[in-house]
Amino acid sequence: MYLQQPWSGAQKIGFRFTFIFFLLFILPFPFSTIFGVFNLYFLDQFFSVFWNGFAQLIANTFLGIGELATNPTGSGDKTIDWIFYISFFALAIIGSIIWTALDRKRTNYYRLWRIFVMIVVYYLVYYMAIYGFIKIFWLQMPELHIDRLLKTYGQSSPMGLLWTFMGASKTYSVYAGLSEVIAGTLLLFKRTRTLGGLVTFGVMFNVFMMNMAYDVPVKLFSAQLMIMGLYIAMIDYKAIFGLLIFRKSEAPIAWPPFFKSPRNNAILLAVMVLFVVYTYYQRIDAGISGRSQYGELRPKSSLYGLYDVEHFVQNGDTVPPLMTDDIRWQRMIFDSPVNTQVMYMDDRLQYYTTQIDTVERLITFKIGRDSLQKSYNLNYEKLEDGMTISGVFESDTLNIRLKTYDLSNFYLTNRGFHLLNEVPWHRYDPRPKPNW
């Protein structure tokens, strides 16, 4: 077989560098994932402590940087992450030089390469499943909550805008997720592995460009997955270029069994199947529970809706709806069952922890924490087109008349799909939202 023939010096050096560089990112996978099944995370903790300490040493010694931030923030592009990537690149160069000096006589690394490719493939499968299924279940960029619908484009960060337009369409979210899951699934089979690498590269290139264009702090990791997908695809570069460019037939790389023993191959296959089944089951189970916890099937307030404050009476005085007033309430948003949002006249949103008693018709606002927490009980009465709220709130006696705002007025979530369009529906609703 071609790959079992002697490799050129460039091939051997390239493999040594890629092997070290990729494994520095990949490890402790897959062992950490296997141990994670049994809720054992000592391997993850060991690698995390070791590499965090290494990055801190680099930062102190060579960069003149003090304490690095290591706490989880949702960002994958922190200073410490950049130090990881640059350090891994440098270590891969140094490691490949040392490896070349110590192992110059070896003709090829075919067996090690086969194991390496399998690790890279299942690493990609694992993360494509994570990012794919969370989109399929409409959870990474979830259904838009009411408060998001009230925010203007200009006030949004680029990342916030991306999350908004992705969350506005369940169809596109599912499509994007399926693209990632299908790409990962194609990598599993020998016959479709090259196609899976190409699809993974294409899908992740699009993700990488969105991260770059909308300043999403996962640029490094998306680029890493994209390059790994390209690496798997380019194993068959002769067949790909021969078909697409040179119109010349080239046989794809053959993937013979790992072992000579059928029994050993059967055991390896069983382990791989168990890994994939568990990974997919875990992500599907997380997606189903996520939909019920914080997705489209999440619990909602018993008073769910958006309400405009028509009349606001404070301590017996009717307060007019002046945009310069930073005390009068403009709207109330009931979305989550455990908090209520109040929008003031200056468009400032205030989140309050609340409990709603539908029997006693009470809304209990809780302000502060622990022993300093204070509770205020406000009575509410449902009306045909809204409700009234009355009671003492932070030393003020309030009597408020609310009018229900029709959520179908939001074009973004209620336009729907139209196969036939006589004119483009390229609209922005300029109407004032309050129903005063």
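Heads up: numbering here begins at 1 and tracks the sequence.
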Practice task
Would you mind reporting whether L402 and M332 have side-chain heavy atoms less than 4.5 Å apart?
Solution key: yes
Practice task
For S222, enumerate each residue passing the side-chain hydrogen bond (donor to acceptor under 3.5 Å, both in side chains) test, keeping only those at least two apart in sequence or located in another chain.
Solution key: N211
Exercise for the section: May I ask you to test the Q355-I363 pair for a side-chain heavy-atom distance under 4.5 Å? Expected result: no
Practice task
Could you tell me whether the side chains of Q155 and T152 share a donor-acceptor contact shorter than 3.5 Å?
Solution key: yes
Practice task
Walk me through it: do T185 and Y280 pass the test side chain to side chain contact (heavy atoms under 4.5 Å, CB included)?
Solution key: CA-CA 10 Å; T185 304; Y280 281 36; 2.9 Å; yes
Practice task
Compute both the distance and the angle, then confirm whether K300 meets the cation-pi test with Y304: under 6.0 Å from the six-membered ring centre, within 45 degrees of the axis.
Solution key: yes
Exercise for the section: Check the surroundings of atom CZ in R111: do more than 12 heavy atoms from other residues, nucleotides or ligands lie under 6.0 Å from it? Expected result: no
Practice task
Classify the angle between the aromatic ring planes of Y126 and F275 as parallel (below 30°), tilted (30 to 60°) or perpendicular (above 60°).
Solution key: tilted
Handout entry: Partners meeting side-chain hydrogen bond (donor to acceptor under 3.5 Å, both in side chains) with Y231 (sequence neighbours left out)
Key = W113
Completion exercise
Scanning both residues in full, the closest heavy-atom pair of A233 with I240 reads O-CD1, 3.4 Å
Problem - Pairwise distance CZ(F54) to CD1(I83) - rounded to 0.5 angstrom - result: 9.5 Å
Completion exercise
Shortest non-hydrogen pair, S96 vs I20, comes out as N-CD1, 3.6 Å
Problem - Y123-Y127 aromatic ring centre distance below 6.0 Å - result: yes
Exercise for the section: Could you verify whether a donor N or O on one side chain and an acceptor N or O on the other, from Q341 and D335, lie under 3.5 Å apart? Expected result: no
Practice task
Please test V121 against L187 for side chain to side chain contact (heavy atoms under 4.5 Å, CB included), starting from the C-alpha separation and ending with a verdict.
Solution key: CA-CA 6 Å; V121 162; L187 288 166; 4.0 Å; yes
Exercise for the section: Please step through side chain to side chain contact (heavy atoms under 4.5 Å, CB included) for the pair L144 and L412, ending with a clear verdict. Expected result: CA-CA 10 Å; L144 302 183; L412 188 59; 3.6 Å; yes
Handout entry: Shortest non-hydrogen contact between F29 and Y122, atoms and distance
Key = CZ-O, 3.4 Å
Exercise for the section: Could you give me the CA-CA distance, side-chain angles and deciding distance for D77 and K219, then say whether salt bridge (charged side-chain N to carboxylate O under 4.0 Å, His left out) is met? Expected result: CA-CA 7 Å; D77 297 333; K219 304 174 188 70; 3.7 Å; yes
Fill in the blank from the handout: Contacts of Y352 meeting side-chain hydrogen bond (donor to acceptor under 3.5 Å, both in side chains) (sequence neighbours excluded), chain-then-number -> Y344
Exercise for the section: Measure from the ring center of F46 to the ring center of W51 and say whether it is less than 6.0 Å. Expected result: no
Exercise for the section: Without swapping roles, check the side chain of D347 against the backbone of M343 for a donor-acceptor pair under 3.5 Å. Expected result: no
Practice task
Would you tell me whether Y109 and R16 have side-chain atoms, one donor and one acceptor, within less than 3.5 Å of each other?
Solution key: yes
Practice task
Supply the atom-to-atom distance S336 OG to I146 CD1, rounded to the nearest 0.5 angstrom.
Solution key: 11.0 Å
Handout entry: Within the 6.0 Å centroid threshold, strictly below: F365 and Y376
Key = no
Practice task
Any chance you could measure F241, atom CZ, to K248, atom NZ, to the nearest 0.5 Å?
Solution key: 14.5 Å
Problem - Distance-only side-chain donor-acceptor flag, Q373 / K366, under 3.5 Å - result: no
Practice task
Step through the shown structure and confirm whether more than 12 heavy atoms of other residues, nucleotides or ligands are within 6.0 Å of CZ on F31.
Solution key: no
Practice task
Check whether any side-chain heavy atom of T171 sits under 4.5 Å from a side-chain heavy atom of W138, and report yes or no.
Solution key: no
Handout entry: Atom CZ of F259 with >12 non-hydrogen neighbours under 6.0 angstrom
Key = yes
Practice task
Go through the structure and list residues passing side-chain hydrogen bond (donor to acceptor under 3.5 Å, both in side chains) with T364, not counting sequence neighbours.
Solution key: N377
Handout entry: Gap separating the OG1 atom of T79 from the CG atom of L68, nearest 0.5 angstrom
Key = 6.5 Å
Practice task
State yes or no: are the ring centers of F22 and F88 separated by less than 6.0 Å?
Solution key: no
Problem - Backbone N/O of S48 and side chain of N52: donor-acceptor pair under 3.5 Å - result: yes
Exercise for the section: Report the distance from atom CD1 of I136 to atom CD1 of I134, rounding to the nearest 0.5 Å. Expected result: 11.0 Å
Handout entry: Student check: side-chain heavy atoms of E143 and R298 closer than 4.5 Å
Key = yes
Exercise for the section: Ignoring hydrogens and angles, tell me if any N or O in the side chain of Q11 forms a donor-acceptor pair with the backbone of S8 under 3.5 Å. Expected result: yes
Problem - Geometric cation-pi criterion, R114 with F258: 6.0 Å, 45° - result: yes
Fill in the blank from the handout: Here the pair of heavy atoms bringing K78 nearest to N71 is CE-O, 4.2 Å
Exercise for the section: Kindly determine whether T354 and V338 satisfy side chain to side chain contact (heavy atoms under 4.5 Å, CB included), including the steps that lead there. Expected result: CA-CA 5 Å; T354 55; V338 295; over 6 Å; no
Handout entry: Donor-acceptor contact present, side-chain S156 to main-chain L161, <3.5 Å
Key = yes
Exercise for the section: Answer yes or no: is there a side-chain heavy-atom contact under 4.5 Å between D147 and L349? Expected result: yes
Exercise for the section: Calculate, to the nearest 0.5 Å, the distance between atoms CE and OH belonging to M141 and Y172 respectively. Expected result: 9.5 Å
Handout entry: Pairwise side-chain contact, K170 with E296, heavy-atom cut-off 4.5 Å (strictly under)
Key = yes
Problem - Residue pair A254 / P256: nearest heavy atoms and the distance that separates them - result: O-CD, 3.4 Å
Handout entry: is_close_aromatic(F42, F35), centroid dist under 6.0 Å
Key = yes
Completion exercise
Per side-chain contact (heavy atoms from CB on, under 4.5 Å), I400 is matched among Y380, Y307, W329 by W329
Exercise for the section: Enumerate the residue pairs fulfilling side chain to side chain donor-acceptor pair (under 3.5 Å) with a member in residues 188-203, sequence neighbours excluded, ordered by first and then second residue. Expected result: T194-D236
Handout entry: Any side-chain heavy-atom pair of I26 and M228 under 4.5 Å
Key = yes
Practice task
Give the minimum heavy-atom separation between M387 and K382, together with the two atoms involved.
Solution key: CB-CA, 3.8 Å
Handout entry: Test item: D326 and R348 side chains (from C-beta on) under 4.5 Å apart, heavy atoms
Key = yes
Fill in the blank from the handout: I93 meets the side-chain contact (heavy atoms from CB on, under 4.5 Å) criterion, sequence neighbours left out, with F17, F89, I97
